[in-house]
Amino acid sequence: INAEYGALLSLLVFSFMSEKSVRYDRQLRLWGEDGQANFERSKVCLLNASALGVEALKNLVLPGIGRFSIVDGAQVTVEDLGNNFFVTEAQLGESRAKVTSEHLRELNSFVPGEYRDESPEQVIEQDISYFSQFTLVIATRLPENPLLKLANFCWERNIVLVVARSYGFVGYLRIIAPEHTVVEPKLDQQMDDLRVQSPFPELLSYAESIPLEQLSYHEQRHVPYVIILILLLKKWRQKHEGKSPSNATEKRQFQELIKETAAQWEYEDNFKEAQKAVFSWQFQPYSIPSSVQATLSDQNCELTANSSTFWVLTRALRDFVKNEGGGYLPLPGTIPDMTSDTKGFVALQKVYQDKANQDYLHLLQRVQSLLKELGRSPTSISEEEVKNFAKFSRYLQVFRYPSRSQELSPGKPEL
């Protein structure tokens, strides 16, 4: 009986997960599993179920937030019928919070919702601790005094507050939060870290194992352009006091060296790819982006008991760069598509992936050590989070905003 029960439970869980995967398929392609997981961990509270507020909440319920709550003491009026799609004429006089929460729950059965039939001003005044359970609060049509009190409360607890209001075709949206951190940006094109100018030992050793200029035409035309660049850059440096091509003239001369090395230039696309890369970012000397350098130097890297996951990871990253990384960020391990045979491409890919995994393991060890020092479980930050952080460490950003009190104080707040 236990075996049958276990099998049935597994089937139900699989069915549930499959249904979620189907429902969220498109957005998973857009922001990935990590982004979806963040969505499902979020808890959102809406103050006043106005047309604007409910539309905003609808756009969060559909992608699958963790749960929501609506705080609104008003009843459905004739005015609501003219602009709010989540109320009907039959519901005139009913609790607007109750009606709108019921309709929103129908949009996504995976998202539980509740409501509180009280005015937001009353809850803020008498039970403001109610908002401590949420990760995001959306306030619409809220008077300035209760808004300021709520903003200060949320600010102290790092709860994001979004203030919105519309007046016909005019409106405003204000984000109030101490900081917003970005780990995995959704870029149109990501910059692969190829380390052409400064290959790590394993990459250099692999490149040097290929006798480029001794290969036949048929063998040479399958050498990845990354290897061509590394080998010919080494040859260039031997004749130029160890320096790389730095200006346009030298880079054109280096392009000529690439062309001269090809056995049959007109037929070797890999050499043309190498020549093209000389004037691209792939050939630039390695440097840590200024935004990442600023993040690694941030005072929040000095950890406390309340430090967030982001800052624990960032501190571990800073220590990695200073030690195992030797001034470099963890290698992402990805390489772009390029002209090569399957054997050569897979071999090169493995060199990058092995180095990326080595860097990840060093970073993971540092994260776990920091967590122990903070009195937290070494597994409180998952291995997947650390791996993702290492992969996208080149794109880390921190955005900070002034508080509501700073905005209202005399003088211009620092942004």
Any luck finding a side-chain donor-acceptor pair between Thr334 and Asp192 under 3.5 Å?
yes
Does the gap between the ring centers of Tyr352 and Phe200 come in under 6.0 Å?
yes
Side-chain contact, heavy-atom cut-off 4.5 Å: Asp72 with Asp117?
no
Geometric cation-pi criterion, Arg157 with Phe153: 6.0 Å, 45°:
yes
Salt bridge check, Glu144 against Arg404: does any charged N sit closer than 4.0 Å to a carboxylate O?
yes
Test side-chain contact (heavy atoms from CB on, under 4.5 Å) applied to Val111 and Arg105, step by step
CA-CA 7 Å; Val111 180; Arg105 283 199 301 269; over 6 Å; no
Could you tell me whether the side chain of Leu47 reaches within less than 4.5 Å of the side chain of Phe131, counting heavy atoms only?
yes
Indicate whether the side chain of Ser405 and that of Asn152 have a donor and an acceptor atom separated by less than 3.5 Å.
yes
Any carboxylate oxygen within less than 4.0 angstrom of a Lys/Arg side-chain nitrogen, looking at Arg315 and Asp298?
no
Look at the side chain of Asn270 and the backbone N and O of Arg221, then say whether any donor-acceptor pair between them is shorter than 3.5 Å.
yes
Counting distance only, does the side-chain N/O of Ser307 pair as donor-acceptor with the main-chain N or O of Thr304 below 3.5 Å?
yes
Indicate yes or no for a side-chain donor-acceptor contact from Gln406 to the backbone of Ser403 under 3.5 Å, with no hydrogens or angles considered.
yes
Under the side-chain contact (heavy atoms from CB on, under 4.5 Å) rule, what do His222 and Lys343 come out as? Steps first, then yes or no, please.
CA-CA 9 Å; His222 294 299; Lys343 181 181 178 181; over 6 Å; no
Is there a donor in the side chain of Arg165 and an acceptor in the side chain of Thr140, or the other way round, less than 3.5 Å apart?
no
Say whether Ser291 and Gln397, considering side chains only, have a donor N or O and an acceptor N or O under 3.5 Å apart.
no
Work out which heavy atom in Phe283 is nearest to a heavy atom in Gln197; give both atom names and the distance.
O-NE2, 2.7 Å
N/O donor-acceptor pair under 3.5 Å between Ser280 side chain and Gln282 backbone
yes
d(Lys235 NZ, Thr261 OG1) to nearest 0.5 Å is 5.0 Å
Is any side-chain heavy atom of Glu156 closer than 4.5 Å to a side-chain heavy atom of Ser132?
no
Verify whether the ring centers belonging to Phe68 and Phe134 lie closer than 6.0 Å.
no
Can you tell whether the side chains of Lys149 and Glu125 come within less than 4.0 Å, N to carboxylate O?
yes
Going from CZ on Arg366 to CD on Gln368, what distance comes out if it is rounded to the nearest 0.5 angstrom?
12.5 Å
Under 3.5 Å, side chain of Asn323 to main-chain N/O of Asp319, donor-acceptor pair present?
yes
Can a donor-acceptor pair be found, under 3.5 Å and without considering hydrogens, that links the side chain of Ser101 to the backbone of Ala97?
yes
Could you tell me whether Gln365 atom CD has more than 12 heavy atoms of other residues or ligands within 6.0 Å of it?
no
Return yes if a side-chain donor-acceptor contact under 3.5 Å exists between Gln133 and Arg67, otherwise no.
yes
Do Tyr206 and Ile227 have side-chain heavy atoms sitting under 4.5 Å apart?
yes
Taking all non-hydrogen atoms of both residues into account, name the closest pair between Thr314 and Cys301 and its distance.
CG2-SG, 3.6 Å
Is there side-chain contact between Glu184 and Val182, with heavy atoms separated by less than 4.5 Å?
no
Going by heavy atoms in the side chains, are Trp311 and Asn306 under 4.5 Å from each other?
no
If every non-hydrogen atom of Cys45 is compared with every non-hydrogen atom of Tyr130, which pair is closest and at what distance?
SG-CE2, 4.4 Å
Any salt bridge (charged side-chain N to carboxylate O under 4.0 Å, His left out) pairs touching residues 351-365, not counting sequence neighbours?
Lys350-Asp354, Lys355-Asp359
What verdict does the side-chain contact (heavy atoms from CB on, under 4.5 Å) test give for Ile124 and Leu147, after you've listed the backbone C-alpha separation in whole Å, the side-chain angles of each residue and the deciding distance to 0.1 Å?
CA-CA 9 Å; Ile124 292 170; Leu147 174 60; over 6 Å; no
Compare every heavy atom of Ala390 with every heavy atom of Ser393, then report the nearest pair and how far apart it is.
OG-O, 3.1 Å
Straight-line distance of Gln353 CD to Leu331 CG, nearest 0.5 Å
10.0 Å
Flag the pair Arg96 / Tyr115 as yes when at least one side-chain heavy-atom distance between them is below 4.5 Å, and no otherwise.
no
Would Ser42 and Thr135 count as having a side-chain donor-acceptor pair, cut-off 3.5 Å?
no
Does NZ or CZ of Arg195 come closer than 6.0 Å to the centre of the six-membered ring of Tyr286, within 45° of the ring's axis?
yes
Distance-only, no hydrogens or angles: does the Asn59 side chain make a donor-acceptor pair with backbone N or O of Glu55 under 3.5 Å?
yes
Before you tell me yes or no, could you show the steps for Ile335 and Val226 under side-chain contact (heavy atoms from CB on, under 4.5 Å), namely the whole-Å CA-CA distance, both residues' side-chain angles and the distance that decides it to 0.1 Å?
CA-CA 9 Å; Ile335 60 175; Val226 173; over 6 Å; no
Would a distance-only check, ignoring hydrogens and angles, find a side-chain to backbone donor-acceptor pair under 3.5 Å from Ser340 to Val223?
no
How long is the gap from CG on Leu396 to CZ on Phe310, to the nearest 0.5 Å?
5.0 Å
Under 3.5 Å, side chain of Asn108 to main-chain N/O of Leu62, donor-acceptor pair present?
yes
Glu302 and Arg318 ion-paired at < 4.0 Å:
yes
Between Gln36 and Gln27, does any side-chain donor sit less than 3.5 Å from a side-chain acceptor?
yes
Do you know the tightest heavy-atom contact between Glu89 and Leu81?
N-CD2, 3.5 Å
Considering residues at least two apart in sequence or located in another chain, which fulfil the side-chain hydrogen bond (donor to acceptor under 3.5 Å, both in side chains) criterion with Glu273?
Thr339
Between atom NE2 of His240 and atom OG of Ser246, what is the distance when rounded to the nearest 0.5 Å?
10.0 Å
Cation-pi geometry met for Lys58 and Phe86 (6.0 Å, 45°):
no
Working for salt bridge (Lys or Arg N to Asp or Glu O under 4.0 Å), residues Lys243 and Glu250:
CA-CA 11 Å; Lys243 297 178 181 178; Glu250 291 179 344; over 6 Å; no
Taking all non-hydrogen atoms of both residues, which atom of Trp236 and which atom of Ser244 are closest, and how far apart?
NE1-C, 3.8 Å
Mark yes when over 12 heavy atoms from residues, nucleotides or ligands other than Phe279 sit less than 6.0 Å from its CZ; otherwise mark no.
yes
Give a yes or no on whether a salt bridge exists between Lys98 and Glu102, defined as a side-chain N under 4.0 angstrom from a carboxylate O.
yes
First locate atom CD1 of Ile258, then atom CH2 of Trp265, and finally report the distance between them rounded to the nearest 0.5 Å.
7.0 Å
Between Tyr401 and Arg174, is there a side-chain heavy-atom distance shorter than 4.5 Å?
yes
Test your reading of the model: is there a side-chain donor-acceptor pair from Gln275 to the backbone of Gln255, 3.5 Å cut-off?
yes
Cut-off 3.5 Å, side chains only: do Gln91 and Thr88 have a donor facing an acceptor?
yes
